[in-house]
Amino acid sequence: MNIDKFKHQHADIMGNISALRRLAQAGVAQNAADIARLVVSMSSTIKLHLAVEDQALYPALQRGDNPELARMGQQYQKDMGPIAQAYEAFARRWNRPESVRRDEQGFRDDANRVLRKVHERMQRENLDFYPRIEAA
C-alpha cells in the first residue's frame, strides 16, 4: 500500500502546527486573524486526512492478509477518536480572530495541549505504523 499521501498530509499538518507556534510566539493578539485562518485551513486538512484513513486505509488493512496490521489499524482508528474530538473542539473554539484575541492564554493552553496530542499521534504513525504498512 502506498502511504505517501498520508505522509504528505502529516507534513502539511505539522507545518501548520509549527506556523501556529511561530504566530503565537510573535504575539497571539497581534496575529489573531492569521491564527484563526490557519486553524480553519488546518481543520480542512485534518478532516480530509481522517476521512481518507477511515474510508481507505483502515478498510484496506482489514481486507488485507496481515492480521497484525489489521489489529493495529483497528487500534489506531479507535485511539484517534478522542484526539479528533479534542481537535474539533479546539478548532470550533479558535476559528475566529475575536475568540483568539479575547483569550490569549486560553488559546496558548488549548493549543499546547491539543496540538501536542495531534503531533504525538502523527509521530507514532510516521515512525511505527506507516513503516510497518510499507514493509508488508
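Just the heavy atoms: all of them, side chains too, but no hydrogens, waters or symmetry mates, feed the values below. This chain uses plain numbering: 1 for the first residue, then up along the sequence.
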message: Using side-chain heavy atoms (C-beta onward) and a distance below 4.5 Å, is Leu115 in contact with Arg21?
response: no
- request: Find out whether the Lys NZ or Arg CZ of Arg113 is both under 6.0 angstrom from the six-membered ring centre of Phe90 and within 45° of the ring's axis.
  value: no
task: If the plane angle is over 60° it's perpendicular, under 30° parallel, otherwise tilted; pick one for Phe107 and Trp94.
output: perpendicular
Interatomic spacing from CG in Asp12 to OG in Ser44 - rounded to 0.5 Å: 12.0 Å
- prompt: Is the shortest heavy-atom distance from the side chain of Glu134 to the side chain of Asp4 under 4.5 Å?
  reply: yes
- request: Quick one: closest heavy-atom pair of Pro59 and Glu53, and the distance?
  value: CD-O, 3.8 Å
- prompt: Less than 4.5 Å apart, any side-chain heavy atom of His49 and any of Met122?
  reply: no
query: Any luck finding a side-chain donor-acceptor pair between Gln123 and His119 under 3.5 Å?
result: no
query: If only atom types and distance count, is the side chain of Ser41 paired as donor or acceptor with the main-chain N or O of Arg37 below 3.5 Å?
result: no
query: Looking at Arg93 and Ser99, what are the two nearest heavy atoms and their distance?
result: O-CB, 3.2 Å
message: Using a strict threshold of under 4.0 Å (side-chain N to carboxylate O), is an ion pair present between Arg121 and Glu125?
response: yes
task: Find the distance between CD (Glu68) and CG (Leu61) and round it off to the nearest 0.5 Å.
output: 11.0 Å
- request: With side-chain contact (heavy atoms from CB on, under 4.5 Å) as the test, would you mind laying out the steps for Ile133 and Leu57 before giving the verdict?
  value: CA-CA 10 Å; Ile133 294 169; Leu57 177 64; 4.0 Å; yes
query: Any donor and acceptor pair, going by atom type alone, linking the side chain of Arg132 with main-chain N or O of Leu69 inside 3.5 Å?
result: no
From Leu48 atom CG to Gln9 atom CD, the distance as rounded to the nearest 0.5 Å: 5.0 Å
message: Distance check, rounded to the nearest 0.5 Å: Lys117 atom NZ versus Met80 atom CE?
response: 11.0 Å
